[in-house]
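Below is one structure; the comments refer to it alone.
Chain identifiers are assigned alphabetically (A, B, ...) following the order of the sequence lines, protein sequences preceding nucleic acid strands; residue numbering begins at 1 within each chain.
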Amino acid sequence: METSAIGQARPQINAREKVLGRARYAGDLKLAGMLHARLLRAPHAHARIVSVDTSAARALAGVRAVATGADVPDRRWGVGHKQQHVLARGVVRFVGEEVAAVVAETPEIAEEALDLIRVEYEELAPLLDPALSLDPGVPQVHEGGNLSEEINIDRGDVDAAFAGADLIHEETYTTHSQYPGYMEPMATLAEVDGAGRLNVWTSTQSVFLARQRLAEALDRPISSIRVIQPTVGGGFGGKIIEERSSVIAAFLATLVDRPVRLGLSRLDDILSGCFSVPATIRLKMGMTRDGTIVAKEVDILADCGAYAGLAGEVMTVTAMRSDNMQRIRNIRTRARLVYTHTMPRGAFRGFGGAQMSFALNSHMATMAEMLGLDVIELHRKNAIGPGETSVHDWKIGSCELPACLDQVSEAIGWGEKRSRAKAGGVLRRGVGMAAAMHVSGNRTIGNWDGSTILLKVNEDGRAVVHTGESDMGQGAFTMLAQICAETLGIPVAHVTVAAPDTDNSPYCIGTLASRVTINGGMAMVKAAEEARATILAAAAAKLGCDAEDLALVDGVIRSADGAHTAPLAEICRYHIYRHGGEGIYVKGSHDPQTVRFDGDFRGNIAPAYSFAAQAVEVEVDTETGQVRLVETYLSDDCGVAINPLAVHGQSNGAAVQALGWTLYEELHFEGGRVINGNLADYTMATADAVPMMHSMIVEGYEPNGPLGAKGASETAILPGAAAIANAVYDAIGVRITDLPITPEKILAGLAELEEASLA
Amino acid sequence: MRNLDYLEPESLDEALRMLADYGDEAAVFAGGTALLLAMRQRMLAPGIVVALGGLSALRGIGYTPEAGLRIGALSRHSEIARADIVREHYPVLAKVAAGLANPQVRNQGTIGGNLCYGDPATDPPSVLVALDAELEIAGRSGTRRVAMADFLVDYFTTALEPGEILTAIHLPPVTPGRVGHYKRHLRTPAEHRPVANVALTLTERGGLWDDVRLVIGAATPVAQSMARAAAALTGQAITLDLAAEAARIAAEDLTPVSDARGSAAFRRQVVRATVRRIVAEAAGLDWSEAAA
């Protein structure tokens, strides 16, 4: 008999098809008569489109359609701010904005046709520096000014608290934009079928949000669109609702009577991808001598690029999420989101948390040193705990942050490494750490955060799970299969999770805010419990006993005394026959008991909160400025780990992505144009650039989560940058406050130290 | 990508005739790692591609004590790295080839293609200059030999005349006591293109260095021989101080490139550190304790 379906390292249920090359991604799909689309992008950061001549492109043999901003719906789409047309109309606002599109019989013909489109631009002065965006007289990105959003939060009495502080420290931190770097560039296949419905297969984190956005952007009824999720090769936030190519592909399909596929090359994907929101953060913090944080003042300037998208929500997270990690009562925060004539920025794994985590944890390490305290003790002293309510009214359920701190400090040998004598050599080592929190779920748009599972148990006793929550590679389907198997009492191998499809799947928000395990998982528990009750009732009727006496374990129904037993398949068939053909088809819905933010950003938005800590050792080459990550230990508090293998995979992946952000990746712009928009020059971490990774789990029990689980491993991307920056400081005494940590900055910092020591 | 004719000559003569016939319109395809990228990024759009893959004369790696090493221009980096005769006689070249770029490039890219592309951010040129390599170049009027140092003209520019094909790389026979060292510096471990590399060859005589070549690559438009620094190392007992002094001279004499991957000042700094280390290591000294 199978032991528990949860809590054991288990390969993802879709791993096999992926490694065999059998998984089908959107770019693999073909329909009879399929055409191919290619996009023409703006070469200017800011320009008026004077004229577009598509006649030569249209005349090219094999071209089926050419579209420009003049052809697209008048209605603008967007998240909060409705700002975008399907193709640029009148004005281009960033280099790479889609100005025209070609549909042709082959990708090559489409490509060639792009060269035949003549666009006349009147170049306008661009606004490229967010720091200048609010100055008088600068170019305006949109009517109504360059300020997209501003939030202000005021808690307690900040001035009085600062007056009572023994130590006040203020610093400005800058963070940069990161490419999500998923393995699968965006790809979409779309067709208008004979009945006039628009069918779209696209790489997305949410089929229902995708459908809603297509309805808006193409100005057509929601139910006239069907979105189906093929296998998705990673999203990291970039495939929620901001990428543009799926919208353009679906629009192009409405122009022709054949299916259209738009698969982006890597270069194209970088130009149209959704990079993370860069933020400049001024942080001022007051502490008493014993390390208690008494006051905090924060000023954030974040850059959303040309269109707001989700960047406002991202900035809100930067502004206030980390406040909830600590017992602090006096906070004053101003955060402003501004437009620039650069690529739109938005959602990215961690959703704004990484930016503030860098600032906060760098600050904590600096102040700990000033107070002569160990930074881990400082975190411990201020850490919020289970059962507490945070300054923004977040109700903390499970919280294993102190255990995470213990785990990483023990694993890396914190005390010993911190106290070792500083060597004066060329290669110097140091250790650093950081801690962070994240949500598991987030009640936002529509004031709900629920999830529904439809569960079908077939006549052979095997189950099919229908969900609108997506697996983008992170393991959602495996998690659902495990919870289903565990709760229902069948082997995991007997569970199939059907791909999200807006026609057949229950309505769901999709994969974001680490909400799928906790909310989708709870819906799964409920659905499986109901199916089990239905099955046991049928079994009781057939076997002539009480349902309460029966149990379903590993696909077999048994009474407690062993007198009655039946294979599950027999009972499933019995149910169908005795109910006039009605199979076992149940629904489980779960909406957590959370609230939306009120107007003052207060309220318990998530059913649970996840925590993580990371400790790293670096080696700094003082002659070349190169920083090498020697080792990293990351501890994730995810409640009960449904699948430890998946948690470790996600945690290690997050740590690598944080490493890339901190040391390796940096966008270079020239006049608003990205000059290193390829993976040779925009260098993400490769296998040989990654040190020994240690991922660890602190298992708690989350009462609001399915079988004790909560969101895993999105928290894991948050501490990396500050842990590395703190380790660099420990190694060489140079405090880097602007990311990424480049060799040049290290060398400049060392030169400054040298100068200061000579002065 | 526009349509192109893909030609597969079966002999060197046929290949040379094709290049003569099609002139500027033709591009030569060796391993394709650079050419295909350039075509995909639409930086190059040749109407004719002449693929050399079928030319057996351009393959093979052989060594004789009289003539030295001959590496066919179509040899892949991984073949050079694995070749026993290279590992035995020119271990430094095998080491360079084994660490070049990434496995995909090593298994597909050719040494000839690498040299003809003229991209400075790569490893082979500096070590080949330091090993006194000569290039064998075929043209319609016959074959000529060019010293490696003269082959490199400027940033993405070589001495290859239109219509010519690089056929082989020759290295002189190994002489007793001659050794080679090589170091590449990547800006970060995630980079596959060096920001600087240093090749050092020398002959040891009685504990002193003679016939020293110190060549810098990747940080410069073309591999640059550091004559003054090499002279400083010649006939002297190598100490950490001398290593630092040679490094200082090399950095001073450097003609650095300056781009998004490294400013001139940064390249100079990296070259200085790398030269100091390669000299120290070659002399069996530990550079890690004493900063220059």
Exercise. Above 12 or not: heavy atoms from other molecules or residues under 6.0 Å from CZ of B:Arg87?
Worked result: no

Problem set entry | Closest approach of B:Thr188 to A:Leu663 (non-hydrogen atoms, all atoms of both residues) | CG2-O, 3.7 Å

Exercise. Which of the residues A:Asn676, A:Thr683, A:Asn678, A:Leu427 is involved in the greatest number of heavy-atom pairs with chain B at under 4.5 angstrom?
Worked result: A:Thr683

Problem set entry | Validation row: B:Arg40, A:Leu267 side chains within 4.5 angstrom (heavy atoms) | no

Problem set entry | Nearest heavy-atom neighbours spanning A:Met684 and B:Ala190 | O-CB, 3.6 Å

For this session: Taking heavy atoms only and a threshold strictly under 4.5 Å, list by residue number the residues of residues 723-732 of chain A that touch chain B; give 'none' if the list is empty.
Result: none

Exercise. So which residues of residues 745-753 of chain A are in contact with chain B at a heavy-atom cut-off of under 4.5 Å?
Worked result: A:Leu747

For this session: For A:Glu623 and B:Arg272, indicate whether the former's side chain and the latter's backbone hold a donor-acceptor pair under 3.5 Å.
Result: no

Which atom pairs, donor and acceptor, lie under 3.5 Å between side-chain atoms of residues 91-101 of chain B and protein residues at least two apart or in another chain?
unit_1  : atom_1 : unit_2   : atom_2 : d
B:Lys95 : NZ     : B:Tyr182 : O      : 3.1

Exercise. Can you tell which of A:Leu659, A:Val627, A:Asp115, A:Ile109 has the highest number of heavy-atom pairs within less than 4.5 Å of chain B?
Worked result: A:Asp115

Exercise. Would you say A:Asp688 and B:His192 make side-chain contact, with heavy atoms under 4.5 Å?
Worked result: yes

Exercise. Is B:Arg187 paired with A:Glu744 through a side-chain N to carboxylate O contact shorter than 4.0 Å?
Worked result: yes

For this session: Check whether any side-chain N or O of B:Gln269 sits under 3.5 Å from a backbone N or O of A:Thr624 as a donor-acceptor pair, and report yes or no.
Result: no

Exercise. Less than 4.5 Å apart, any side-chain heavy atom of B:Arg276 and any of A:Val426?
Worked result: yes

Problem set entry | Heavy-atom pair with the smallest gap, counting every atom of A:Gln626 and B:Leu186 | NE2-O, 2.6 Å

For this session: Below 4.5 Å from any heavy atom of chain B, which atoms of A:Ile675 appear? Answer side chain, backbone, both or neither.
Result: side chain

Exercise. Is the number of heavy atoms from other residues, nucleotides or ligands within 6.0 Å of CZ (A:Phe669) greater than 12?
Worked result: yes

Exercise. Atom CD in A:Glu108, atom CG in B:Asn3: separation rounded to 0.5 Å?
Worked result: 8.0 Å

For this session: Mind jotting down which residue pairs meet the ring pair (Phe, Tyr, Trp, His ring centres under 6.0 Å) criterion with at least one end in residues 99-120 of chain B? Sequence neighbours excluded, please.
Result: B:Tyr117-B:Phe156

